[in-house]
Amino acid sequence: MAAPITEQVNGGDAVPSPVMSDTDSDSVSENGTLPEYVVELVETEFGGDLKSLKKVSELLEKLTEENKLLEEQVLTVSSAVPLRVSSALSEAEHCRQDVEALLQRERMLSNTLQQHLQGAQSWADGLSQTLGQLDTVERHMKYLQVLARIEELSDSIQQFLMTSSVWEAVGAVSSMASLDLGLQESGCSHLQAFLRETLCFWHKILKDRLASDLEEVLTQLHWPFLSPPVSSLSPPANAQELHSQLELLVPQLLALQLPAGLPQAPPLSLPIQIMILPLSKRFRYHFTGNRQTNCLNKPEWYLTQVLMWMGNNSKFMEEKIQPILDKTDAKINARVELCRGLLSLAQEKLAHDAPRLLYDDALFCHLVDEVLQFERELRTTHAYPSMLPGALHILLEEAVFQKWLSVERKMAVEKVDAMLSAEGAWSSQYRDISDMDELKAPDCAETFMTLLLVITDRYRSLPCSRAQLSFLALQRELVDDFRIRLTQVMKEESRSPIGAKYCAILNAVNYISTVLSDWADNVFFLQLQQAAVSLGEEVWGPLGATEAGRLASLEGSLFEGLLGLLERLRGDMLGRLLEAVMREVREKVQPYGRDRWLSLPSQTDQATMSLSSSACPMMLCLRDRLLQLQQLLCLPLFQSFWQGLAERLDQLLYQDLQFDMARNLFPLFGHYCKRPENFFKHVKEACIILSLNVGSALLLRDVLQQAEEEEEGLPADPQRPSPESTLNELGVYRLAPCDVQILLSLRASWPGQ
């Protein structure tokens with residue numbers, strides 16, 4: 001460290017200086033000044049008082065002690081750091097040596113383990129071979145056990161049959177069937193085949209034996225009933241014994257029923273299958289081969305026969321068989337099982353005959369009609385459950401279904417052609433019956449909608465929504481085609497729109513639109529609408545998000561597009577009809593329009609006034625056309641017509657107002673509503689203005705003139721009412737104040753005139 005230095009202060013005593021570093025010394029020597037912290041120390045300790053220099057010795061001692069303390073600390077730290085570093089290096093070396101020792105031990109253990117594994121490999125190979133042999137022996141043992149079990153069950157069944165222990169034999173067959181089910185995933189194909197063959201062998205023997213006994217009992221009970229059972233027929237003498245045998249055989253056959261997973265398992269319960277055998281033989285005898293009853297163009301023969309057998313034998317099934325099934329806790333409906341078995345005969349026959357009729361439209365249509373009728377009888381008369389398939393799925397085979405759609409379209413178009421060309425196509429068959437002719441629909445329109453209704457009834461019961469929607473698409477296509485045909489006929493008749501045929505076309509459009517609107521709210525079509533949303537593009541093609549959303553929320557309907565087109569056609573035809581009537585009215589109103597109020601009698605002579613002679617042609621024309629169209633148009637159309645006519649007359653007459661409105665024009669429309677003047681608002685209000693007494697007219701003119709002056713900037717009178725409120729008090733709401741002033745100027749009776 002640098003030695004303390006002293007400086008001369010005030011030329012006198014030597015003052016000890018604080019210890020300075022080499023840098024501080026350099027700063028003094030280079031700059032000739034002391035460091036700032038030295039100056040601050042001197043100022044702090046001594047200030048400007050020279051008498052305080054006596055503290056220098058104390059300060060020097062204090063700084064010297066601090067210097068010594070710092071030197072001791074530096075020496076201590078300098079000596080401790082090398083010791084710690086040396087200790088750390090020593091520990092690291094020890095760790096390195098330990099790691100090397102561990103690695104050496106690991107290599108030794110690895111070598112030892114590898115040698116052990118190599119030595120044990122031969123033992124492992126030998127053990128694996130032994131275990132494989134044990135597994136093979138075990139599988140062989142199980143295989144032999146299954147064979148022994150099969151032989152055991154087979155011997156048991158044989159013994160039971162020899163001793164007529166039928167229930168025990170049935171139990172043994174059921175055990176063998178359970179064993180067969182357990183082997184289905186084993187992969188022992190030969191064992192499975194042997195077991196299946198053995199099972200079928202004993203099952204057939206036992207089934208044939210029980211079936212023979214059941215057939216004998218049923219024969220004595222006069223089964224099957226080929227004609228309606230006669231109540232007067234006396235029961236056999238041993239009826240009680242036969243019934244006891246029936247109660248024994250039916251449960252045994254039910255217990256003998258093979259599991260559904262086996263291919264030999266019948267679709268019906270075993271006793272019902274046996275009971276249907278004689279009917280099945282009769283069916284195949286009459287409706288297959290070269291028999292005269294097997295006629296391709298007479299499907300009703302075998303379909304009717306099946307329905308008759310269902311009806312004739314249902315009572316026996318419900319009274320004799322169902323109680324036995326109920327005692328066994330079998331969830332089987334005897335009557336439904338009978339219908340299901342007989343239905344399978346009809347399904348098999350239909351599936352065979354339908355493809356052979358695809359190229360003969362007449363025979364194919366007849367087949368479809370008979371199948372639909374058969375299905376209807378099956379579901380209603382015989383209460384066949386809706387969840388079970390009937391005969392309609394035969395018609396839903398792709399080739400058969402496309403042929404059905406094609407034939408329906410072809411026949412519908414032919415019928416439309418015929419109905420439009422019929423002599424009475426545009427007249428209503430109910431025209432002479434007022435209560436039934438509200439819509440005045442012509443025969444062609446009513447026949448067309450009946451045709452659509454028949455098509456709906458034909459496909460309503462189809463079990464597939466996609467097929468139903470295909471028929472609905474056909475109906476929509478037919479409606480649009482009929483609309484186009486109506487448009488074409490309308491254009492031909494547009495030269496005389498007031499004629500009966502034109503009005504009949506308009507009634508037809510309105511009738512079809514009304515019926516389709518009702519259908520849109522029908523439950524069946526609402527269900528189809530939801531199905532259409534679910535199927536989406538599969539049926540309707542790509543639907544926009546808005547259209548799909550409207551259908552899903554039931555805001556729209558399946559007929560919305562067609563209804564829009566029909567409404568457009570309806571509006572166009574009404575517009576043509578109104579224009580034709582207005583042309584006649586304009587011709588008749590011209591002489592009336594040339595009359596002036598100045599030439600009319602004064603108000604005092606109004607009591608003796610009659611209809612203006614110039615207004616007679618217009619009034620007569622209106623009366624005749626209204627009466628004529630009331631007879632030709634249905635009520636909703638006529639209401640739209642006369643209201644539209646009133647609106648147009650209102651505008652026409654307002655433009656050149658005359659007299660006779662309240663006494664002549666309004667009464668013409670009074671036959672169709674209570675207040676016809678409400679449909680002639682402009683004319684009505686103009687009449688109010690022109691019919692005011694002189695005093696009220698003068699006051700109104702003053703109010704209107706004052707309001708006009710105020711608009712020009714003259715000061716307003718706050719107590720004077722506004723023109724609008726004054727007119728409203730008189731019942732005038734439509735006419736503007738400026739129009740009222742013009743009407744007031746047309747009055748013929750003013751004071752002084």
Side-chain angles (χ1 to χ4, degrees), residues 372 376 408 412 415-416 419-420 425-431 433-462 465 467-487 490 503-533 539-540 547-574 632-641 643:
L372 293 174
R376 193 175 299 111
E408 288 283 356
K415 291 178 180 178
V416 170
M419 67 180 68
L420 288 176
W426 302 107
S427 61
S428 173
Q429 58 179 327
Y430 305 113
R431 57 184 176 274
I433 308 175
S434 58
D435 294 341
M436 299 182 62
D437 199 29
E438 294 183 358
L439 294 178
K440 292 184 169 61
D443 280 358
C444 62
E446 194 162 359
T447 306
F448 175 73
M449 295 310 295
T450 302
L451 171 64
L452 293 184
L453 185 60
V454 170
I455 294 176
T456 302
D457 290 338
R458 289 162 70 83
Y459 75 81
R460 182 189 296 270
S461 56
L462 290 179
S465 297
Q468 291 177 329
L469 288 170
S470 297
F471 270 101
L472 179 62
L474 171 61
Q475 289 179 304
R476 287 157 52 98
E477 177 185 337
L478 293 174
V479 171
D480 195 47
D481 177 71
F482 195 77
R483 177 190 62 84
I484 294 173
R485 290 171 183 251
L486 290 179
T487 304
M490 179 271 292
C503 293
I505 298 171
L506 183 53
N507 285 331
V509 174
N510 182 75
Y511 174 72
I512 295 173
S513 179
T514 301
V515 174
L516 290 182
S517 297
D518 293 340
W519 285 6
D521 296 328
N522 184 274
V523 174
F524 172 70
F525 288 105
L526 290 175
Q527 292 172 345
L528 276 188
Q529 183 168 330
Q530 293 302 313
V533 174
V539 177
W540 297 106
E547 185 177 359
R550 286 177 57 81
L551 288 178
S553 63
L554 301 181
E555 293 181 7
S557 75
L558 295 172
F559 305 103
E560 188 172 15
L562 291 173
L563 289 173
L565 294 173
L566 290 169
E567 183 61 30
R568 187 183 307 171
L569 177 59
R570 177 179 179 273
D572 178 56
M573 293 186 68
L574 266 179
L632 293 176
L633 296 176
C634 65
L635 181 60
L637 285 176
F638 182 69
Q639 287 180 338
S640 299
F641 167 77
Q643 291 172 8

Checklist entry - Does the T450 side chain pair with the main chain of E446, one donor and one acceptor, at a distance under 3.5 Å? => result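 It does hold such a pair.
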Side chains of [X] and [Y], heavy atoms from C-beta outward: is any pair under 4.5 Å?
{"X": "Q639", "Y": "L633", "answer": "no"}
{"X": "V416", "Y": "L420", "answer": "yes"}
{"X": "R570", "Y": "S640", "answer": "yes"}
{"X": "T456", "Y": "F524", "answer": "yes"}
{"X": "L569", "Y": "M490", "answer": "yes"}
{"X": "Y459", "Y": "L474", "answer": "no"}
{"X": "F638", "Y": "K440", "answer": "no"}
{"X": "V515", "Y": "L452", "answer": "no"}

Minimum heavy-atom separation for [X] to [Y], with atom names?
{"X": "C634", "Y": "N507", "answer": "N-OD1, 3.1 Å"}
{"X": "A504", "Y": "P442", "answer": "O-CG, 3.4 Å"}
{"X": "A467", "Y": "L462", "answer": "CB-CD1, 4.0 Å"}
{"X": "A445", "Y": "Y511", "answer": "O-CE2, 3.8 Å"}

State the [atom1]-[atom2] distance between [X] and [Y], to the nearest 0.5 angstrom.
{"X": "I512", "Y": "F482", "atom1": "CD1", "atom2": "CZ", "answer": "4.5 Å"}
{"X": "Q643", "Y": "L574", "atom1": "CD", "atom2": "CG", "answer": "11.0 Å"}
{"X": "Q530", "Y": "S465", "atom1": "CD", "atom2": "OG", "answer": "11.0 Å"}
{"X": "Q468", "Y": "F525", "atom1": "CD", "atom2": "CZ", "answer": "10.0 Å"}
{"X": "W519", "Y": "L563", "atom1": "CH2", "atom2": "CG", "answer": "11.5 Å"}
{"X": "L372", "Y": "D457", "atom1": "CG", "atom2": "CG", "answer": "10.0 Å"}

Checklist entry - In terms of heavy-atom contacts, does CZ of R568 have more than 12 from other residues, nucleotides or ligands at under 6.0 Å? => result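 Incorrect, the count does not exceed 12.
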Checklist entry - Can a salt bridge be assigned to the pair R476 and D480 using a cut-off of 4.0 Å between side-chain N and carboxylate O? => result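 Between D480 and R476 there is no salt bridge, as every charged N stays at least 4.0 Å from the carboxylate O atoms.
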Checklist entry - Hey, mind stepping through L472 and Q475 against side chain to side chain contact (heavy atoms under 4.5 Å, CB included) and telling me if it holds? => result CA-CA 5 Å; L472 179 62; Q475 289 179 304; 3.6 Å; yes
Next on the checklist: Evaluate L453 against M449 for side chain to side chain contact (heavy atoms under 4.5 Å, CB included), listing each step before the verdict.
Outcome noted: CA-CA 6 Å; L453 185 60; M449 295 310 295; over 6 Å; no
Next on the checklist: Against the six-membered ring of F471, is R458 placed for a cation-pi contact (under 6.0 Å from the centre, within 45° of the normal)?
Outcome noted: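 So R458 doesn't make the cation-pi contact.
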Checklist entry - Taking L637 as the fixed residue, which of N510, L632, V509 is the one that meets the side chain to side chain contact (heavy atoms under 4.5 Å, CB included) rule? => result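 In the set N510, L632, V509, the residue that makes a side chain to side chain contact (heavy atoms under 4.5 Å, CB included) with L637 is N510.
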